[in-house]
Number of protein chains: 2
Amino acid sequence: MIFHTFTEQKLRQFTEDVFLKMGCPEVDAQLAADVLLKSDLRGIDSHGVARLSGYVRLWEKERINATPEVRVVHETATTATVDGDAGLGLVVAPFAMKIAIEKAKTYGSGWVSVKNSNHFGIAGYHALMAVEQDMIGISMTNASPLVAPTYANERLLGTNPMCYAFPAGKYPPLVVDMATAAAANGKLEIAQRANQPIPEGWVQDKDGNSSTSAHQLKDGGSLLPLGSDKDHGSHKGYGLSATVDILSAVLSGANYGPWVPPFVAFLEPSANPVGEGIGHFFGAMRIDGFRPAEDFKNHLDNWIERFKSAKTVDPDKKVIIPGEPEYAFEQERKVQGIPLIDAVVNDLNELAAKLGIEGL
Amino acid sequence: MIFHTFTEQKLRQFTEDVFLKMGCPEVDAQLAADVLLKSDLRGIDSHGVARLSGYVRLWEKERINATPEVRVVHETATTATVDGDAGLGLVVAPFAMKIAIEKAKTYGSGWVSVKNSNHFGIAGYHALMAVEQDMIGISMTNASPLVAPTYANERLLGTNPMCYAFPAGKYPPLVVDMATAAAANGKLEIAQRANQPIPEGWVQDKDGNSSTSAHQLKDGGSLLPLGSDKDHGSHKGYGLSATVDILSAVLSGANYGPWVPPFVAFLEPSANPVGEGIGHFFGAMRIDGFRPAEDFKNHLDNWIERFKSAKTVDPDKKVIIPGEPEYAFEQERKVQGIPLIDAVVNDLNELAAKLGIEGL
């Protein structure tokens, strides 16, 4: 595989230019670029600039509104529902998280459910906004249906990620940011390109049989929930995914389950939607609403040190602190640049030519 | 296996009598019995009256305080930390959940972290307290270390359950109540008694090798996180378990990770604790803080109907709605009684003889 490496600044400018060409206000273009770049910097290549042309295609189909009027439609002191007005999730999600943070500043916690939005990038970006304010950050989103619940032979749920982020003292924030499926779709795509088998327990074929072919998802199969099968707790992965779906969409008035609109422009949304767009859910809790922030951070540092120094099965593999590998990527890529594979560079240069902006 | 069936009323009275003999105030004895009976009624036999003599043994060792002064030690409008004063978790947890609910009534949401507590029964009991008020209920607890994080060959985390409960309209509440390990310890105990092998992916032996022997946990092995191994997402189960541990204990000032005191009286707590007792975390959010409760319930009913009617791999196995099997048990056992296995009945009768109360 051939990689080309770009500076953060170069990719950021390119990404802003694309969003400006879509008609986004400058402040929105900068914010959306920041969310995508954070993903590339943190090594989550599937959710960064590689998705740019996908957003543009949805905008071309008028399924993304570049100039949304994002607004609160219902609220109490510590809860709110936001209507994203079909805007970029990359813009709507930070808007909603800011409201959660403001409520937490005044009342200790804030909780915002969002409808009528689109793909919001990495969940971690939004949760980390709260961490910067010495708060615990929570973010989740539903997604287009790819996962079959336990016993089902239908795609009824998305990979529905949930993220919890906590500020530490001398260590980077502890960030649990995970899809509730056994394996993310991005991992399948890598195996497809390499034409390699995948582990049992990631997908089932169109008849519901376990399969090790990465191509099954394109042939009518489904992803499996975290746990893979009933014996190994797939009903728990299904339950977590259901929780994300309900908090993000049943609570806000977005589409849920099999009605969630596809992320790809070549598939049409349901003709009979049960809500508006896709849904997200965000939370922020002030650490010092429970105990002094310094005490919490000192104990979280102690937690981290104990887990990092744990006895391991293989002496070459240490216990990993959630969020630590992504933090290490971020430090490295800020200096050494962001590598993109050939196919992504070509795709972005075609996009640039189409939009009439400078290529990479 | 021989079962004896008892009426709910009979077991409830017996359980109250045991807690009264421990010196609990009458209101606490009634509440603690209600939590345990709810577990037996809902078919979660591992967390009901079968645990009674375990609570008594901890009380005998003065690790449970029968007359605690449970109190709020820190709070904001919507957050609080509760000190359980080493009381029964069965009493401390509902106390804390009531505070979360009261805060939610006034401000939309309420969040309570608890230290210095003990085993709280089933997480579902506490979350369902919020559902009765048209709120979303959340409950979780850390637990004594049995689970090895991904790559570790040490027990650093408990089976740390998390529960999310949602009110539906014409259907029972949707309740996701799950340990974050691949399999709960109770399932291992069943296989141990029957001397049967267990699926790969539930435990590893003392050297960190995968094992199908249910006895490994007693021979220095560990339970595995949900996901079982790295390929199947065990780092996600580990991340969820870490989240429960941090919200329950690092946030409240309870013990966390390997320092959580054992639930069994024959194992001593750490000589160098990092906090007080075990920790819990509770949340309540008013549905109508986001949208009218009727709208939410109608859509959750629609969600439930769509999932119940999903196409399945095996036509004899339908997709299960989280909480539905437990609800069905509850309806049945309220009428037909609660079956207990011989070993549990004998244990309870020995307990009765020791305490000088009427046996079963």
Side-chain angles (χ1 to χ4, degrees), chain A residues 74 76-79 81 107-109 111 113 149-154 156 164 166 176 178 182-183 199 201 208 226-228 231-233 235-236 239-240 242-243 246 250-253 256-258 274 285-286 289-291 296 299-300 302-303 306-307 310-314 317-320 322, chain B residues 74 76-79 81 107-109 111 113 149-154 156 164 166 176 178 182-183 199 201 208 226-228 231-233 235-236 239-240 242-243 246 250-253 256-258 274 285-286 289-291 296 299-300 302-303 306-307 310-314 317-320 322:
Chain A
H74 190 110
T76 69
T78 66
T79 65
T81 298
Y107 298 104
S109 72
W111 305 88
S113 193
T150 308
Y151 299 144
N153 193 18
E154 266 194 272
L156 294 177
Y164 295 87
F166 305 93
V176 177
M178 48 172 270
L226 175 60
S228 298
D231 262 355
H232 296 87
H235 54 293
K236 299 180 184 183
L240 290 170
T243 298
I246 296 166
V250 179
L251 193 56
S252 67
Y256 43 81
V274 293
M285 291 188 288
R286 256 169 49 200
F290 298 92
R291 73 187 302 187
F296 175 88
H299 278 286
L300 190 54
N302 186 46
W303 192 104
R306 181 64 183 85
F307 279 66
K311 190 182 155 199
T312 52
V313 177
D314 174 347
K317 285 186 179 156
K318 308 307 287 176
V319 169
I320 294 167
Chain B
H74 191 110
T76 68
T78 67
T79 64
T81 299
Y107 297 103
S109 72
W111 305 88
S113 193
T150 308
Y151 299 144
N153 193 18
E154 267 195 89
L156 294 178
Y164 295 86
F166 305 94
V176 177
M178 50 172 268
L226 175 60
S228 297
D231 262 355
H232 295 88
H235 53 295
K236 300 180 183 183
L240 290 170
T243 298
I246 296 166
V250 179
L251 194 55
S252 67
Y256 43 80
V274 293
M285 290 189 288
R286 257 169 51 199
F290 297 92
R291 74 187 301 187
F296 175 88
H299 279 285
L300 190 54
N302 187 45
W303 192 103
R306 181 64 183 85
F307 279 65
K311 190 180 155 202
T312 52
V313 178
D314 173 348
K317 285 188 178 154
K318 309 306 287 175
V319 169
I320 294 167

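Every chain is numbered from 1 and lettered A, B, ... according to where its sequence line falls, protein lines coming before strand lines. Only this structure's heavy atoms are used, side chains among them; waters, hydrogens and symmetry mates stay out.
- Contact of F296(B) with chain A is made through backbone and side chain together, with heavy-atom distances under 4.5 Å.
- E154(B) contributes no side-chain N or O that, together with a main-chain N or O of A310(A), makes up a donor-acceptor pair within less than 3.5 Å.
- Of all heavy-atom pairs spanning A182(B) and S228(B), the tightest one is CB-OG, 3.8 Å.
- Only the backbone of T150(B) comes within less than 4.5 Å of a heavy atom in chain A; its side chain stays farther off.
- Interface remark: of the candidates K236(B), H235(B), M178(B), K236(B) forms the most heavy-atom pairs closer than 4.5 Å to chain A.
- Among the candidates V250(A), T76(A), V319(A), N302(A), the residue making the largest number of heavy-atom pairs closer than 4.5 Å to chain B is V250(A).
- Using a 4.5 Å cut-off between heavy atoms, Y107(A) contacts chain B through both its backbone and its side chain.
- Contacts between V313(B) and chain A at a heavy-atom distance below 4.5 Å involve backbone atoms as well as side-chain atoms.
- Ring-plane geometry between Y256(B) and H299(A) is classed as perpendicular, the angle between the planes exceeding 60 degrees on a 0 to 90 degree scale with a lower cut at 30.
- Comparing L251(A), V176(A), I246(A) by how many heavy-atom pairs each has under 4.5 Å with chain B, the most go to L251(A).
- Residues M285(B) and W111(B) are in side-chain contact: their nearest non-hydrogen atoms beyond the backbone lie under 4.5 Å apart.
- Ranked by heavy-atom pairs under 4.5 Å with chain A, the list P149(B), G108(B), G227(B), A183(B) is led by G108(B).
- For T78(B) and S109(A), the side-chain atoms include at least one donor-acceptor pair closer than 3.5 Å.
- Nearest heavy-atom pair, P199(B) versus H232(A), reported as atom, atom and distance to 0.1 Å: CB-NE2, 4.0 Å.
- Of the listed residues (T312(B), V274(B), D314(B)), the greatest number of heavy-atom pairs within a distance under 4.5 Å of chain A belongs to T312(B).
- Between T81(A) and F290(B) the shortest heavy-atom distance is OG1-O, 2.6 Å.
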